[in-house]
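Below is one structure, written out as structure tokens; the observations come after it.
As a basis for the values below, the full set of heavy atoms in this structure was taken, side chains included, without hydrogen atoms, waters or symmetry mates.
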Amino acid sequence: MYLFIRLFILMSLLLSSKVFAVAFDSCPSKAYLFQGKPVSVYGINLVTGTNSLLQNNTGLSSNINGVGFNETDRYIYGYDTTNYTIVRLGQNFQATTLNVNGLPSDKTFYVGDVYQHHYYVYRTGTGFYKIDLSPLDSNVNATLTAQRITSTASVSLTDFAFHPSNNHLYGVDNGSGGLYEFDISTGAATYVGDTGETGTFGAMYFDVDGNLYLSRNQDGQVYRVNLSSQAIIDSGVVPAIKFADGPFSSQNDGARCANAPLIDTDEPATIDFGDAPDSYGSTLASNGARHALDGITWLGSSVDGDYYAAQSPDSDDSITSDDEDGVGFVTALEPGLDTVIAVTASTAGNLSVWVDWNDDGDFAGSTHELLKC
């Protein structure tokens, strides 16, 4: 009898975890990348591009695409491209298949996101749909209905994302690199401007400041497009600036809580920035130089982390430890003469050096030397 009770409890726990996945505790700062078939889920630090495998078994042998984070119930929703069904995943990344009517039975969807408790999916040449998720609040087995917004879907997308400050979707046409804004009431696509980058942008995310991040499948490079104000959007000047290096894959899709800060300051700082004034482009907002603390690579006797780049004269020494001892001038800088510089490094590598020769507070027009150490 005792063994039977234990087995019954164990089976009940397994079934309940499969069907009733636990929601995320909060609005996480990580971006989540879904790759491959069967799908694996990675946590991406957008600031550095570093990633870690979170789950390689979602309970499905298929690919999950078109994923989006729902801030209302704190689940991730996506499209099972093998079984033509909608699924949702909690913080354990186990997929629960949902009952949905109204979607084409012979088409897969690779483009999706969630906004105000509705899941939106898009397929070029097929249409733009929305699904009300609220019936799931009382019954996970409820049947959902997909409503077609428009059958006109001519922009070549592989993902899109909702802006955290307005009710519009944004996506980049893979072939042209053009940024488009989508009206979720009519499905109308409005051209915003040229990002200057092309490729298969299989994962797109927003941060709380209104920056759009594009992850390109072919090389894993992550680009940032500043959409932080309506004035910038209206101007049409929306270049995609390389932000980080991430993992590449032939099958990519991403989800993120758009209202989360880009860096989780509740966790120990794992990124090191420079301490120069931001006229040199030091801060995260300026896409400043930074690196993840890998325990292998640093200059000086030690290294410490900071979240955003403490600005001179308040360097990160005032926050943690004095670690700005990696570069020392043995002889003074004098015009026409050689200068001896001593560099202490934890490992061998290439050292890039920028010098503000005209002392005007920026590196524009300054000499950049690449040294081997």
Side-chain angles (χ1 to χ4, degrees), residues 17-24 28 30-44 51-100 102-115 117-124 126 128-131 133 136 140-141 144 146 157-162 169 171 200-205 213-217 220 246-258:
S17 66
K18 177 71 174 179
V19 178
F20 301 105
V22 178
F24 286 81
K30 280 189 177 68
Y32 298 106
L33 194 63
F34 288 63
Q35 291 187 337
K37 179 184 177 181
V39 71
S40 293
V41 185
Y42 295 84
I44 308 296
N51 65 90
S52 59
L53 177 65
L54 302 177
Q55 182 59 265
N56 62 2
N57 182 8
T58 64
L60 297 174
S61 59
S62 49
N63 170 256
I64 299 174
N65 223 290
V67 293
F69 186 89
N70 186 1
E71 295 187 34
T72 303
D73 63 11
R74 301 192 307 280
Y75 284 100
I76 291 175
Y77 291 82
Y79 192 89
D80 179 339
T81 62
T82 302
N83 299 303
Y84 301 89
T85 56
I86 305 297
V87 298
R88 82 170 183 178
L89 306 95
Q91 62 182 352
N92 59 354
F93 298 103
Q94 292 301 293
T96 299
T97 300
L98 304 177
N99 302 311
V100 181
L103 288 176
S105 60
D106 60 343
K107 301 291 184 183
T108 57
F109 288 86
Y110 300 98
V111 180
D113 201 9
V114 181
Y115 182 69
H117 220 15
H118 285 76
Y119 178 46
Y120 293 81
V121 292
Y122 176 102
R123 181 184 172 97
T124 304
T126 298
F128 188 16
Y129 298 79
K130 73 173 180 179
I131 302 168
L133 301 172
L136 300 176
V140 71
N141 295 312
L144 308 179
L157 297 177
T158 40
D159 202 13
F160 54 23
F162 272 99
L169 275 163
T200 305
F201 296 109
M204 299 187 190
Y205 320 90
Y213 298 84
L214 316 173
S215 177
R216 187 161 57 196
N217 291 20
F248 62 90
S249 172
S250 61
Q251 293 187 353
N252 256 5
D253 203 74
R256 185 179 187 274
C257 180

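With hydrogens and angles disregarded, no donor-acceptor distance shorter than 3.5 Å links the side chain of Thr58 to the backbone of Phe93.
The shortest side-chain heavy-atom distance between Phe34 and Ile76 falls under the 4.5 Å cut-off. Looking at heavy atoms from C-beta onward, Tyr79 lies in side-chain contact with Leu103 at the 4.5 angstrom threshold. You'll find the side chain of Tyr42 stays beyond 4.5 Å of the side chain of Leu54, heavy atoms only. The side-chain heavy atoms of Arg123 and Val111, taken from C-beta on, include no pair separated by under 4.5 Å. Within the 4.5 Å cutoff, the side chain of Val140 has heavy atoms near those of the Arg88 side chain. In this structure the side chain of Tyr32 never reaches within 4.5 angstrom of the side chain of Leu89, judged on heavy atoms. Residues Gln94 and Gln55 are in side-chain contact: their nearest non-hydrogen atoms beyond the backbone lie under 4.5 Å apart.
Heavy atoms only, all atoms of each residue included: Leu157 and Gly171 are closest at CD2-C, 3.8 Å. Contact between Leu144 and Ile131 at its shortest, heavy atoms only, is CB-CG2, 3.7 Å.
Under the 6.0 Å cut-off for aromatic ring centres, Tyr119 and Phe109 do not qualify, their centroids lying 6.0 Å or more apart.
Residues passing the side chain to side chain contact (heavy atoms under 4.5 Å, CB included) test with Asn217 are Thr200, Asn252, sequence neighbours excluded. For Tyr110, the ring-ring contact (aromatic ring centres under 6.0 Å, His included) criterion is met by no residue, not counting sequence neighbours.
Listed by first and then second residue, the salt bridge (charged side-chain N to carboxylate O under 4.0 Å, His left out) pairs involving residues 103-114 amount to none (not counting sequence neighbours).
Screening Phe69, Tyr115, Tyr205 for a ring pair (Phe, Tyr, Trp, His ring centres under 6.0 Å) involving Phe162 leaves a single residue, Tyr115.
A tilted orientation is assigned to the rings of His118 and Tyr120, their planes being inclined by 30° to 60°.
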